[in-house]
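The structure appears below as structure tokens.
Here is the naming used below: chain letters follow the sequence lines, and residue numbers restart at 1 for every chain.
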Protein chains: 2
Amino acid sequence: MTSDDGARPQRTDRRFTGDPTRARLLEAALDSFSTKGFHGTSTRMIAARAGLSPAAVYVHHRTKEEILFQISRDGHQEALDVVLAAIDSEATPPGRLRAIVRDFATWHARRHTLARVVQYEMAALTPEHADLIAALRRHTHNAVRGVVLAGIERGDFTVRDPESTTVALLSLGIDVARWYRADGAWTPQRVGEDYAELALRLVGHSPGASRNQDDEASLAR
Amino acid sequence: MTSDDGARPQRTDRRFTGDPTRARLLEAALDSFSTKGFHGTSTRMIAARAGLSPAAVYVHHRTKEEILFQISRDGHQEALDVVLAAIDSEATPPGRLRAIVRDFATWHARRHTLARVVQYEMAALTPEHADLIAALRRHTHNAVRGVVLAGIERGDFTVRDPESTTVALLSLGIDVARWYRADGAWTPQRVGEDYAELALRLVGHSPGASRNQDDEASLAR
DNA sequence: CCTACCGATCGGTAGG
DNA sequence: CCTACCGATCGGTAGG
């Protein structure tokens, strides 16, 4: 075992930075948006959960929607960063796809509170904010599709339709936000490992069947 | 071509039955719940969309939550019926799994308005209603898991973990409700066919590799 | 199935 | 960052 892999305990999640009171309000809003939804959450509930008066919300944020936007943008950026870092961590399409799906699914489990707001509260954004979020989502989608296409090009993957396969790969991770429970039997890492295996099956990758020998290095663990 | 398969045009979806005014209210509620969510929908919006006065909602329904429950229960029952009918339509685990995922994904695309309420508005139900819905969901889950386990038993499927594989198979269909757009490039049938192929990959089914020759009958199309 | 209305709560602001 | 308050809207009901 190396010193910094595998069985390390749950790392501290990166939370909202900057002014602590502002961060407490964002945390309170995140918790409530995640379980009750944006429209099921009042600004008074957010304030109360942060231990402040109802009006304190408007000291730090102009509107309730702007709070949602901050949370959604940060969350989308985190998810995108996870995918880009996974791609950078490996050299071949099979290695990259495995890392993407493992880390994307793990992120949706570990950060399921945030991920639920990210994936299921987009309809409450203003059109302008929705456009900014949509750009981040396209970036993530295109990054995954690029790896799928590269794997097909190299003969690593056997895929009938790259578009529906890309959607399916993303769906596996995204839907984790819906069903994952912190008190359930599965750790985020376990979900990630299982889903990474399933991802390689989805793209028809059988180790040793590709044209490129250097795949094996990225598959060894 | 046989007379009643394949290219038949979109069939008329089964809608709410019984009293027409009541059905109009349920349709109006469904449309609004689907795009704005339960908490983002007022009873006045429902009434207006049905062409009635605000109080008319309470002629046919006791509370707003009861409207959601009716829609959610009917929708969950439809989805369960789709899965059970798919199982009945085939004799072998590979045939059954293909039919399940094809029809489950097709249903989530064709009925994406209803499916969004079914999959994403459960948190707004009363605890009693949530329990009834949970039983329908367990029934669906267990039916799919049974086919996965039967396929493993027969040697048709090679699966590392039946539980996470079952969750993944259901996730593929459920997440269709989130991303499917009626004005997009894909027909519900196309989504279903693509996803059925992916499902057999997920369970490690390679035609001809199983111990049972009669699989081929269910795979021929 | 309608008009008219109930108390409660909403997002947001004035003023300090 | 608080108290106090604004008009608007909410789910639901009385009475016909």
Q) Got a second to check how far A/His141's NE2 is from A/Leu169's CG, nearest 0.5 Å? A) 10.0 Å
Q) Does any residue of residues 37-48 of chain B have a heavy atom under 4.0 Å from DNA chain D, and if so, which ones, in number order? A) B/Thr41, B/Ser42, B/Thr43, B/Arg44
Q. Is the NZ or CZ atom of A/Arg73 both under 6.0 Å from the centre of the six-membered ring of A/Phe69 and within 45° of that ring's axis?
A. yes
Q: Look at the rings of A/Phe157 and A/His205 and say which category their plane angle falls in: under 30° parallel, 30 to 60° tilted, over 60° perpendicular.
A: perpendicular
Q. Which heavy-atom pair separates A/Arg116 from A/Arg178 by the least distance, and what is that distance?
A. NH2-O, 3.9 Å
**Q.** Contact interval (first through last nucleotide) of DNA chain C with protein chain A, 4.0 Å heavy-atom
**A.** C/dC10 to C/dT13
Q | Sidechain N-carboxylate O distance under 4.0 Å for B/Asp103, B/Arg98 | A | no
Q: May I ask you to decide whether A/Glu27 forms a salt bridge with A/Arg49, counting only side-chain N to carboxylate O separations under 4.0 Å?
A: no
Q) Can you find a pair of side-chain heavy atoms, one from B/Trp107 and one from B/Val83, that are under 4.5 Å apart? A) no
Q: Measure across A/Ile100 and A/Ile87 and return the closest heavy-atom pair with its distance rounded to 0.1 Å.
A: CD1-CG1, 3.5 Å
Q | Contact list for DNA chain C against residues 49-62 of chain B - heavy-atom distance below 4.0 Å | A | B/Leu52, B/Ser53, B/Ala55, B/Ala56, B/Val59, B/His60
(Q) With heavy-atom distances below 4.5 Å as the criterion, would you say the side chains of A/Leu202 and B/Leu202 are in contact? (A) yes
Q) With both distances under 3.5 angstrom, what nucleotide forms a Watson-Crick or G-U wobble pair with D/dG16? A) C/dC1
Q) So, does A/His76 use its side chain to make a donor-acceptor pair with the main chain of A/Ser72 at under 3.5 Å? A) yes
